[in-house]
Amino acid sequence: MTHLRLKFLGSPEVTFAGDLLKFRSRKVLGLLIYLVVTGERQSREKLVDLLWPGSDYQRGMASLRNSIARLKKSLEPAGDFLLAERGYVGFDFSQPHALDVAQLQAALSTDTSLAKQLDMLTRYRGDFLAGFALPDAPDFEQWVMQQRMLMSQQWELLFTTAAQQQLDAGIAQAALETATRLAHIIPTSETAAQLQMRAFALSGNPTAALRVFAQFQ
């Protein structure tokens, strides 16, 4: 079955049947992102305050109505994914879709296999909404920063968990590669350094482990 695919980990991309869907404006895309990532119906008043701060009531509501109509048009090839009720707007999660943010969270489940964790790690494309901004919507920008920090922590945890399992299995080279990727993504990660040192020690290279240790002194 063909799914609507939403990728927000990295530069935002929304595709259907292999085609990149286009949005009339960044506000329209921002509306979709917020509805999908929060996972809840949102009041129209809250959305106006979030995306069109400072607008008077009628102008803000008109902007939201226009954006909802444009968002519906953009998503039309995939189906009707918007639940635009009186006073509220939401995303219809019952329809076929794939969301990378949800996939990352699922990969952190304690019963997720190492293979599935490693598969998720191959999908890392950068920070949440990398390169996307709405400078005239400061509350939205603050929300993005909070989500970006949270998802950075989730990525670090996933890399750490996978590398730890590789070390426990005695797969030193694979663990080193996983830990090194984490170190490149988060250069300040002490956890990445610790994993690298353990992987070097396990592979019989204590000199390299000491070099990593020295970098954090």
Side-chain angles (χ1 to χ4, degrees), residues 1-109 120 123 125-152 154:
M1 180 181 293
T2 303
H3 288 61
L4 176 70
R5 299 189 180 279
L6 305 113
K7 297 181 180 180
F8 300 147
L9 298 172
S11 177
E13 293 181 4
V14 182
T15 61
F16 180 73
D19 294 328
L20 186 66
L21 302 186
K22 297 181 179 180
F23 299 89
R24 182 74 174 268
S25 70
R26 296 173 79 84
K27 286 284 178 75
V28 173
L29 179 54
L31 173 62
L32 173 65
I33 291 168
Y34 190 76
L35 293 175
V36 170
V37 176
T38 59
E40 300 175 345
R41 292 189 316 159
Q42 302 292 338
S43 73
R44 291 177 182 253
E45 288 82 1
K46 180 177 179 179
L47 292 171
V48 168
D49 289 342
L50 182 75
L51 296 171
W52 294 275
S55 297
D56 62 57
Y57 181 83
Q58 291 194 355
R59 181 175 296 179
M61 284 296 176
S63 296
L64 177 58
R65 284 194 300 272
N66 289 337
S67 292
I68 291 171
R70 290 168 177 171
L71 181 52
K72 280 179 172 285
K73 184 69 175 176
S74 294
L75 296 175
E76 198 171 73
D80 186 4
F81 277 81
L82 281 193
L83 302 172
E85 305 168 0
R86 183 177 179 85
Y88 291 87
V89 185
F91 182 83
D92 187 356
F93 290 94
S94 69
Q95 296 200 56
H97 71 283
L99 171 63
D100 60 355
V101 172
Q103 291 167 344
L104 172 60
Q105 293 167 349
L108 291 169
S109 173
M120 187 64 210
R123 306 182 198 184
R125 300 186 304 119
D127 289 336
F128 176 67
L129 298 186
F132 183 86
L134 296 178
D136 61 343
D139 287 349
F140 178 86
E141 288 289 282
Q142 183 178 13
W143 173 77
V144 169
M145 289 300 300
Q146 291 170 343
Q147 295 300 313
R148 190 168 290 160
M149 291 174 59
L150 172 62
M151 291 174 201
S152 177
Q154 291 174 337

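Listed by chain and number, the residues in a ring-ring contact (aromatic ring centres under 6.0 Å, His included) with Phe23 amount to none (sequence neighbours excluded). Not counting sequence neighbours, Phe132 has no partner by the ring-ring contact (aromatic ring centres under 6.0 Å, His included) test.
Annotation: side chain of Leu51 is in contact with side chain of Leu134 (closest heavy-atom distance under 4.5 Å). Side-chain contact between Val36 and Val101 is absent, with no heavy-atom pair separated by less than 4.5 Å. Between Arg41 and Leu83 the shortest side-chain heavy-atom distance does not fall below 4.5 Å. Here the side chains of Arg123 and Leu9 are not in contact, with every heavy-atom distance at 4.5 Å or above. Within the 4.5 Å cutoff, the side chain of Phe8 has heavy atoms near those of the Leu99 side chain.
Applying the salt bridge (Lys or Arg N to Asp or Glu O under 4.0 Å) definition to pairs two or more places apart or across chains, those involving residues 43-72 are Lys72-Asp80.
Of the possible polar contacts, one joining the Ser25 side chain to the Val28 backbone as a donor-acceptor pair under 3.5 Å is found. Side-chain N or O atoms of Ser67 include one that pairs as donor or acceptor with a backbone N or O of Ser63 at under 3.5 Å.
Between Ala137 and Leu50, the shortest heavy-atom contact is CB-O, 3.4 Å. Summarising the geometry of Phe93 relative to Leu35, their closest heavy-atom pair is CZ-O, 4.1 Å, with the distance given to 0.1 Å. The minimum heavy-atom distance linking Leu129 with Pro12 is given by the pair CD2-CB, 4.0 Å. When all heavy atoms of Arg125 and Lys7 are compared, the pair lying nearest together is NH2-CB, 3.4 Å. Considering all non-hydrogen atoms of both residues, His97 and Phe81 come closest at CB-CE2, 4.2 Å. Nearest heavy-atom pair, Ala78 versus Phe16, reported as atom, atom and distance to 0.1 Å: CB-CD1, 3.5 Å.
With rounding to the nearest 0.5 angstrom, the CG atom of Leu32 is 7.5 Å from the CG atom of Leu82. The CG atom of Leu47 lies 8.5 Å from the CE atom of Met61; values are rounded to the nearest 0.5 Å. Leu71 contributes atom CG, which lies 14.5 Å from atom NZ of Lys27 (distance to the nearest 0.5 angstrom). Here the CZ-CD distance, from Phe128 to Gln147, works out to 5.5 Å after rounding to the nearest 0.5 Å.
Here the rule is side chain to side chain contact (heavy atoms under 4.5 Å, CB included) with Leu21, and of Leu29, Leu75, Thr15 only Leu75 fits it.
Under the 30°/60° scheme for interplanar angles, the aromatic rings of Tyr34 and Phe140 are found to be tilted.
Heavy atoms of other residues, nucleotides or ligands lying less than 6.0 angstrom from CD of Gln58 number 12 at most. No more than 12 heavy atoms of other residues, nucleotides or ligands lie within 6.0 Å of CZ in Arg24, so this atom counts as exposed by the packing criterion.
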Next item on the list: Report the C-alpha separation of Leu4 and Gln95 in whole Å, then their side-chain angles, then the decisive distance to 0.1 Å, and conclude whether the side-chain contact (heavy atoms from CB on, under 4.5 Å) test is met.
Entry: CA-CA 9 Å; Leu4 176 70; Gln95 296 200 56; over 6 Å; no

